[in-house]
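Working notes, structure below.
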Amino acid sequence: MSEVIVVTSGKGGVGKTTVCANIGSGLALLGNKVVLIDTDIGLRNLDVVMGLENRIIYNLVDVVEGSCRIKQALIKDKRCEGLFLLPSAQTKDKSAVTPEQMKKLTDTLRDEFDFILLDCPAGIEQGFRNAIAGAEHAVVVTTPEVSSIRDADRVIGLLEAAGITKKELLINRIRPELVRRGDMMSLEDIGEILEIPMIGAFTDHEEIVIAGNSGEPVAGRDDSLGQAFMEVCRRLMGEEIPVTIPEDKKHLFGRIRSILNRK
Amino acid sequence: MKKTGYAQTAHQTGRIAKMRLRQMKIAEATDCSMEELEQMKEELARTISKYINIGNHDIHLYLKRGKKATILVSTVTLPSSLGDEAPEIMKRSS
Ligand SMILES: Nc1ncnc2c1ncn2[C@@H]1O[C@H](COP(=O)(O)OP(=O)(O)O)[C@@H](O)[C@H]1O
Ligand SMILES: [Mg+2]
């Protein structure tokens with residue numbers, strides 16, 4: 001059975017593309033056949049985060065317009081068995097694709113893949129409607145900030161209206177030291193406001209920036225961050241694992257050092 | 001330098017964030033402005049205070065999102081002589 005999951009948020013820059021790349025490679029590492037679709041037409045990103053930007057020949061718009069076959073446009077990630085990317089077009093705009101075409105495309109891909117992950121653009125206009133058209137499951141990404149949470153709330157309402165009942169929350173860029181001193185909303189606070197189950201929580205983590213530089217997902221790495229992404233993937237596959245926040249060790253040591261220095 | 005009207009309170013701002021989000025959710029769901037919501041609470045307080053000794057601050061509004069409908073709930077905190085501690089429900093109200 002295959003599943004079409006859209007990674008969305010409303011607000012830009014909260015980590016949708018990062019999350020999409022990491023759960024994509026994580027799900028593939030767990031033995032699934034996975035395709036990632038970048039639906040951000042005009043501002044493609046996912047190829048860069050995945051380190052596959054040099055291998056693009058055809059893109060999403062080419063497939064939808066029928067200028068190539070799906071197989072020709074799919075880029076196989078040679079570093080990760082079972083992982084494929086359908087990149088977006090850089091020179092077209094959002095109206096180049098319709099929600100009906102996206103639905104048809106994802107339905108076709110269901111025959112071939114276990115997971116079809118859609119990286120949604122920011123906003124709630126056509127790009128958003130395209131991305132959610134074929135999905136039955138949504139991962140809503142938010143940071144612990146008022147504007148981001150408000151946008152997530154709005155998006156949750158729109159997903160509900162579109163009949164997407166399976167919605168899960170991923171909170172990104174938490175700063176534990178701010179939460180501890182009461183200057184950032186906690187996971188519980190955010191969960192209470194947004195009222196959907198939580199599937200993952202991540203701190204603001206240096207390793208994500210570093211991995212982004214070289215175009216390598218961190219999922220599957222032998223550290224708390226890599227393992228936390230694997231846990232999100234296992235939850236997506238139906239396992240029940242409690243959500244914990246992987247702390248950035250460098251921050252942790254930095255904090256201990258600053259406490260010691262204070263004395 | 002000019003003085004601003006901002007409170008510039010940098011203390012436990014997470015709670016302020018949560019309260020503002022709750023208010024925004026209520027305002028969006030009811031299509032009422034914050035002012036109208038305040039007015040509504042005052043009117044409710046005025047009516048109820050004819051019967052029970054309460055003030056403006058004893059009325060709280062919160063949203064409950066059900067499967068079929070969203071419900072706007074108003075709670076009234078009773079004066080301590082009448083009730084015991086605020087019920088669990090109050091912890092969720094704005
Ligand atoms: N947990 C994190 N810690 C540190 N940086 C992050 C984290 N998540 C995302 N980022 C960085 O934030 C930026 C925006 O992330 P991105 O995934 O492109 O967001 P979106 O797709 O929602 O616009 C990127 O530079 C990314 O490396
Ligand atoms: Mg993005």
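Below, read A as the first sequence line, B as the second, and so on, with proteins coming before strands; counting in each chain starts at 1. Predicted, not measured: the structure shown is a model, and the values here were computed from it.
A distance-only check finds a donor-acceptor pair linking the side chain of B/K25 to the backbone of A/I193 [under 3.5 Å].
Contact check for B/R22 versus A/E192: side-chain heavy atoms found under the 4.5 Å cut-off. Contact annotation: the side chain of B/R20 never approaches that of A/R150 to less than 4.5 Å [non-hydrogen atoms, C-beta and beyond]. Between A/V146 and B/K18, the closest side-chain pair of non-hydrogen atoms is not below 4.5 Å.
Of the inter-residue distances, the one linking A/M185 atom CE with B/T13 atom OG1 reads 11.0 Å to the nearest 0.5 angstrom. Considering CG of A/D153 and CD of B/E28, their distance stands at 6.5 Å, rounded to 0.5 Å. B/Q12 CD to A/M184 CE: the interatomic distance, rounded to the nearest 0.5 Å, is 14.0 Å. Summarising the geometry, atom CG belonging to B/L21 is positioned 5.0 Å from atom CD1 belonging to A/I149; distances are rounded to the nearest 0.5 Å.
Within 6.0 Å of atom CZ in A/R234, more than 12 heavy atoms from other residues, nucleotides or ligands are found, so the atom counts as buried in its surroundings. In this structure, A/R110 places its CZ atom where more than 12 heavy-atom neighbours from other residues, nucleotides or ligands lie under 6.0 Å away.
Contact annotation for A/I156: only side-chain heavy atoms (C-beta onward) come within less than 4.5 Å of a heavy atom of chain B.
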